[in-house]
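Step one of this worksheet: look at the structure below.
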Amino acid sequence: MALIPGTIVIVDDDADVLLSARMYLEQYFERVVALNKPADLMPQLQTKGADVVLLDMNYHRGRNNGREGIQLLKQIKNQVACEVVMMTAYGEVELAVEAVKSGAMDFIIKPWSNEKLLTTMMSAMELRKNRQELHQLKRQQQAWTDASDKKPLLIGESAAIHKIRDLIEQVAPTDANVLILGENGTGKEVVAQLIHHRSTRMSGPFVKVDLGAVHENLFESELFGAKKGAYTDLKQNKAGRFELANSGTLFLDEVGNLSPANQAKLLSVLQNRSIIPVGSNHATSINVRLISATNADLHEMISNKEFRQDLLYRINTIEINIPPLRERSEDIAPLAEHFIRSYARKYQKPELKLSASDLKMLRKYSWPGNIRELQHAIERAVIMSSGDLLIADQISPKRKTNLAEEFPIKLDELERQHIENVIERNRGNISQAAKDLGLTRAALYRRIEKHGL
């Protein structure tokens with residue numbers, strides 16, 4: 001039988017009682033610490049912590065009023081987050097009531113029955129775990145509330161950005177599923193956050209899942225959760241992303257990366273509006289607003305039998321296309337100015353500016369990495385700046401576009417660099433990288449192996 005995770009600390013000045021309790025509880029719990037001096041308790045709790053303390057009420061011969069135990073109990077509850085179970089050889093009702101009023105979870109009477117001891121300690125441990133989960137949820141809720149006060153920014157003055165803003169205003173108040181399409185770095189997550197921020201769910205959580213980073217075999221447990229014991233080393237229930245996003249918005253990024261098997265599982269959840277955690281036979285209803293995003297051409301993937309058409313119909317009630325930055329050059333100036341102000345504050349630089357001629361130079365660069373590339377380039381330039389004027393040459397990476405003329409690099413090395421850049425641009429999405437390179441997946445894998453990528 002797997003041991004129950006957690007730490008129990010037993011405090012009693014009777015060596016026989018201490019040994020008996022420790023040896024018995026070690027059969028059921030991961031870690032049991034025995035202390036025969038009450039003075040050692042607080043240092044133990046403050047340095048190593050505990051989930052449950054089993055605390056004797058009397059420590060000196062002739063004293064049986066429980067004052068020492070009550071005093072220690074109050075000290076624990078004031079300084080440490082854990083559950084306390086009191087034990088006494090006398091069992092006066094008044095003493096037990098006072099202990100519970102002072103914060104004890106329960107009490108047992110010596111000599112105890114092993115069954116009673118085990119049941120009480122398991123209940124205390126379960127209460128401790130529940131309190132921890134509740135505390136974590138409250139912290140998450142506070143983080144989500146704080147985040148909701150920070151309005152996401154969709155920066156730009158192009159007709160395309162104005163159209164997207166109008167579409168967000170129309171779509172956000174509804175619960176319609178939204179699919180956001182666009183190249184990497186175009187701002188798909190910002191659009192998703194804006195939809196959530198302007199929706200009736202804005203006070204709920206916004207939970208993002210990068211499906212490109214979720215291993216295929218972990219998809220169900222990550223998205224739908226898992227019950228204790230569902231697989232090796234899972235010693236408590238695990239909440240999935242759907243559960244964490246309850247009453248809020250779930251953002252599935254890189255949805256085009258899903259395998260056919262996991263596409264079917266996601267479709268089933270969206271159809272039934274319920275999840276079944278791994279290791280469970282019971283369905284749990286979900287209440288989430290789904291926003292998905294991808295840089296892949298899902299319609300082409302459907303033609304190639306790589307993506308389910310019925311799943312596409314489920315996730316794209318509303319479709320928002322974000323054009324690449326090279327197709328909306330009028331957005332480069334406001335974006336650049338925003339990033340310059342932001343990073344100047346962050347790195348405590350003077351008020352930095354770009355001349356009109358330099359901004360014009362930035363508009364001529366194609367920015368294949370889109371907004372993300374522009375942002376990183378400006379951050380680097382701000383860090384390296386020494387005056388109050390940024391120079392476009394410090395920002396634009398155009399000098400990197402003709403490596404073959406500047407450096408005598410071998411063809412194999414150029415191929416390796418190009419493949420590495422394309423894979424990085426596609427955030428490890430091998431299928432999309434292969435398409436961008438005009439290769440099959442198998443051919444790309446061969447080159448990856450050849451170059452040791």
Apply the test side chain to side chain contact (heavy atoms under 4.5 Å, CB included) to residues Asp297 and Gln432: give CA-CA distance (whole Å), side-chain angles for both, the deciding distance (0.1 Å), then the verdict.
CA-CA 9 Å; Asp297 186 338; Gln432 188 60 42; over 6 Å; no
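- Contact of the Leu73 side chain with the Lys77 side chain is registered, since non-hydrogen atoms from C-beta on lie closer than 4.5 Å.
- Between Ala336 and Ile378, the shortest heavy-atom contact is CA-CD1, 3.4 Å.
- Between the side chain of Thr249 and the backbone N or O of Ala245 there is no donor-acceptor pair closer than 3.5 Å.
- Side-chain atoms of Asn429 come within 3.5 Å of backbone N or O of Ser431 as a donor-acceptor pair.
- For Glu337 and Lys353, the salt-bridge test fails: no basic side-chain N is under 4.0 Å from an acidic carboxylate O.
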Would Glu351 and Arg341 satisfy salt bridge (charged side-chain N to carboxylate O under 4.0 Å, His left out), going step by step from the backbone distance to the final call?
CA-CA 7 Å; Glu351 188 174 336; Arg341 287 194 301 270; over 6 Å; no
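- Side-chain contact, Ser158 with Asp331: a donor N or O sits under 3.5 Å from an acceptor N or O.
- Residues Phe251 and Ala293 share a closest heavy-atom pair of CE1-CB, 3.6 Å.
- With Lys188 contributing its side chain and Ser292 its backbone, the two residues share no donor-acceptor pair below 3.5 Å.
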Given salt bridge (charged side-chain N to carboxylate O under 4.0 Å, His left out), test Arg201 with Asp175 step by step and report yes or no.
CA-CA 9 Å; Arg201 296 172 177 267; Asp175 254 357; 2.9 Å; yes
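- Just one of Arg131, Arg128, Lys129 meets the salt bridge (charged side-chain N to carboxylate O under 4.0 Å, His left out) condition when paired with Glu83; it is Arg131.
- The 12-atom threshold is not exceeded at CE of Met122, counting heavy atoms of other residues, nucleotides or ligands nearer than 6.0 Å.
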Is there a salt bridge (charged side-chain N to carboxylate O under 4.0 Å, His left out) between Lys228 and Glu126? Walk through the geometry before answering.
CA-CA 13 Å; Lys228 180 174 65 175; Glu126 187 67 24; 5.3 Å; no
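- For Arg314, the salt bridge (Lys or Arg N to Asp or Glu O under 4.0 Å) test picks out no residue, with sequence neighbours left out.
- More than 12 heavy atoms of other residues, nucleotides or ligands sit less than 6.0 Å from atom OH of Tyr347.
- The environment of CD in Glu330 is crowded: more than 12 heavy-atom neighbours from other residues, nucleotides or ligands sit within 6.0 Å.
- Arg165 places a side-chain N or O within donor-acceptor distance of the main-chain N or O of Leu154, the cut-off being under 3.5 Å.
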Applying side chain to side chain contact (heavy atoms under 4.5 Å, CB included), run through Tyr343 and Leu352 and close with a yes or a no.
CA-CA 10 Å; Tyr343 287 119; Leu352 298 168; over 6 Å; no
Side chain to side chain contact (heavy atoms under 4.5 Å, CB included) for Lys346 and Glu379? Distances and angles first, verdict last.
CA-CA 10 Å; Lys346 179 178 179 179; Glu379 180 178 16; 3.8 Å; yes
